[in-house]
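See structure below.
It should be emphasised that the depicted structure is a prediction, and the values quoted were computed from it without experimental measurement. A note on names: the letters A, B, ... follow the listed sequences, proteins ahead of strands, and every chain is numbered from 1.
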Amino acid sequence: MQEMNKALTSVVQDVFAADVTLEVTRPDEQFGDYATNVALQLARRLGKPPREIAEQLATALREQLGDRVQEVAIAGPGFINLRLSDGALAVQAAAAPHTKPQTYAGQVVVTEYSDPSAFKVLHAGHLYTSIVGDAIANVVAAMGGEVHRVNFGGDVGLHVGKTMWAIMQELGGEHPDKLAEIPDGEHADWMARCYVKGEQAYSDSEDAKAEIIDTNKRVYQVHATDDHDSPFAQIYWTCRKWSYDYFDAFYARIGSHFEKYYPESVTMPVGVETVQEQLEKGVYEKSDGAIVFRGEPYGLHTRVFINSQGLPTYEAKDVGLIMMKWADYHFDRSIIITDNAQMQYMEVVLKSIEQFAPELAQRTTHVTHGRVKLAGGVKMSSRKGNIVRAVDVLDAAADANKKAGHDSEVSSLGAVKYAFIKSRIGADIVYDPEESVSLEGNSGPYLQYAHARARSVLAKAGKTGGELADLDEHERSLARKISEYPEVLEKAVQELMPHHICTYLYELAQSFNRFYENAQVVGDPREATRLTLVALYADILKDGLGMLGIAAPDRM
RNA sequence: GCACCCGUAGCUCAGUUGGAUAGAGCGUCAGUUUGCGGUACUGAAGGUCAGAGGUUCGAAUCCUCUCGGGUGUACCA
């Protein structure tokens, strides 16, 4: 692709002495392997008919590319279509599984995602962010980035006040010893129930609300004084530990690994200090007793960073987080992945940071995704107890998988991951457990199965493949699709959109099935060539699924 | 009110740095196929790309407005 781009750019310069940012695309197969519309772009500038320009360029291209190209044709209003020679295509295809465009070579990249709140339950949205975040981090790492996966979460804040208040109600006061009565396996559920109770009380009762606000302050005090001894502190630290154990178990189940966890209690002091410092320099300002950043001059809105009670809000904690990430990694790129709801909020935070640390803001990319809805129109409501938990989604997949006659965590997890990644990031997604585990259609298990089947063919043949030469129609078509893999990865990493990989892998499988339908592999005179294609196909499936965090076992 | 995100076949989605007849899967209908793993392949039907203007040789893609769904909008995270 880049080669073609280069060749074209130089040809355009030679023939017309024009500088153009031209685009080489992968057209519909009937038109060739590569196409460009540069002649159409130049037509107006040069005052010539596009087809005439195309003819001149085509002639020059044929000369420049020599035997690497089989055909350079003009089509339609003035497209130049390029068809590679078998030799050139074979070279590309053979290298495809191992060619990784080094887009991020030498760059330190911090990816932050998942961001669960301690003392609260993990819901479907956390599962979505974690899966998408992993995929993005994997792709960046494969493209040469030195990736650091970090996680952020609220171990202080009003939600903790609510849960702690309810916990003490449940325990009948500040009795840390009574926590021992909660069975090991029920810690997370019990805390989730407490959160719901605290949440309910906060909105139903003025008295409870006042107590919760007070409890919240006490939690901040625990951190300020590094209190590990008081009964209240003991309850807090024990329950916080329970939360983190629960997170760890969940990440282990879905195969996520974070090298660092930034609790808000840790980023908070850094954030407060930074905001105070910049208050004096006029970046932030006081207003009604709070410290705010005024976004209106930038087309944004005003947000509170430190409230009138002197407590930092999420904004200040996030400022602290960004400063700490910088201090820890001196990243070239920082990628933050969250729900869409955070979009405008994050713009304000980053705009404020841009005022005193412009390079940090410039190096930060905020990627946002939609929400998870369940097929059938069930929505998630975060404020009530009827939320869809992360485990509910995983269990639904496992159940559907069992119903479909399969019983493996590898395929049900692959099903969920694939279903979540296959849609473009941005809009809400609809999750249908049955569809996700199906062996038919665009699903994770379909591709896992496709991979296992290809491996099985290779095992049956019991030998390695031969050269890719004199390709027939079906072989060539598959080889062409195989050769596209590195370009797809590059697109996915440039846009930070891993769904491109899903779309490609599925198209690749379709292409393979068409080939497989028409071409006997084992025992055929062309076995050697075809085995090579099968091997390349299997390798790409494995590599691509790996990028998505999906296992591709040789047998299922 | 203002800002932002989203709105493509019955359903779930690709296609969105403007380009060649808008593509898949599921579902529906009709064929082919038992040869390498539970199949798969071929074809048909199904679309005013939410709507209306505009820019352009060319718009699902860019601009404006309207409609619909969602989120955010000062001391929650």
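With hydrogens and angles left out, the side chain of Ser287(A) and the base of A74(B) share a donor-acceptor pair within 3.5 Å. Under 3.5 Å, the side chain of Gln30(A) and the base of U21(B) form at least one donor-acceptor pair of N or O atoms.
By the 5.5 Å and 30° criteria, Tyr516(A) is stacked with the base of C36(B).
Side-chain N/O atoms of Arg303(A) include one lying less than 4.0 angstrom from OP1 or OP2 on U73(B). Asn340(A) has no side-chain polar atom (N or O) that falls below the 4.0 Å cut-off from OP1 or OP2 of U71(B). A close approach under 4.0 Å does not occur between any side-chain nitrogen or oxygen of Lys120(A) and OP1 or OP2 of A77(B). Within the structure, a side-chain polar atom (N or O) of His499(A) is placed less than 4.0 Å from OP1 or OP2 of G15(B). One finds no side-chain N or O of Arg371(A) lying less than 4.0 angstrom from the OP1 or OP2 phosphate oxygen of G70(B). Contact between the side-chain N/O atoms of Arg514(A) and the OP1/OP2 oxygens of U42(B) is found at a separation under 4.0 Å.
Among the atoms of the strands shown, only primed sugar atoms or phosphate atoms (P, OP1, OP2) are found under 4.0 Å from some heavy atom of Lys317(A). Residue Ala519(A) is in base contact, counting any heavy-atom pair closer than 4.0 Å across all strands shown. When heavy atoms are screened at a 4.0 angstrom cut-off, Ser308(A) is found touching base atoms of the nucleic acid. Counting any heavy atom pair closer than 4.0 Å across all strands shown, Ala452(A) reaches a base atom. Arg530(A) comes within contact range of no nucleotide atom at all, as no heavy-atom separation falls under 4.0 Å.
Put simply, NE2 on His451(A) is 20 Å from P on U39(B), counting in whole angstrom units. Residue Met343(A) contributes atom CE, which lies 21 Å from atom P of A77(B) at whole-angstrom precision.
Straight-line distance between the C1' atoms of A59(B) and A52(B): roughly 15 Å, to the nearest whole Å.
For the pair Ile306(A) and Val272(A), the minimum side-chain heavy-atom distance is below 4.5 Å.
When Watson-Crick and G-U wobble pairs are counted only if both distances are under 3.5 Å, U64(B) pairs with A52(B). Base pairing analysis places A20(B) opposite nothing; no Watson-Crick or G-U wobble pair with both distances below 3.5 Å involves it. The partner of U71(B) is A3(B), judged by Watson-Crick or G-U wobble contacts that both fall below 3.5 Å.
In plain terms, the two heavy atoms of Val410(A) and Ala551(A) that are nearest each other are CG1-CB, 4.1 Å.
Look at Lys317(A) and Asp155(A) and you find no salt bridge, because none of the NZ, NE, NH1 or NH2 atoms lies under 4.0 Å from a carboxylate O.
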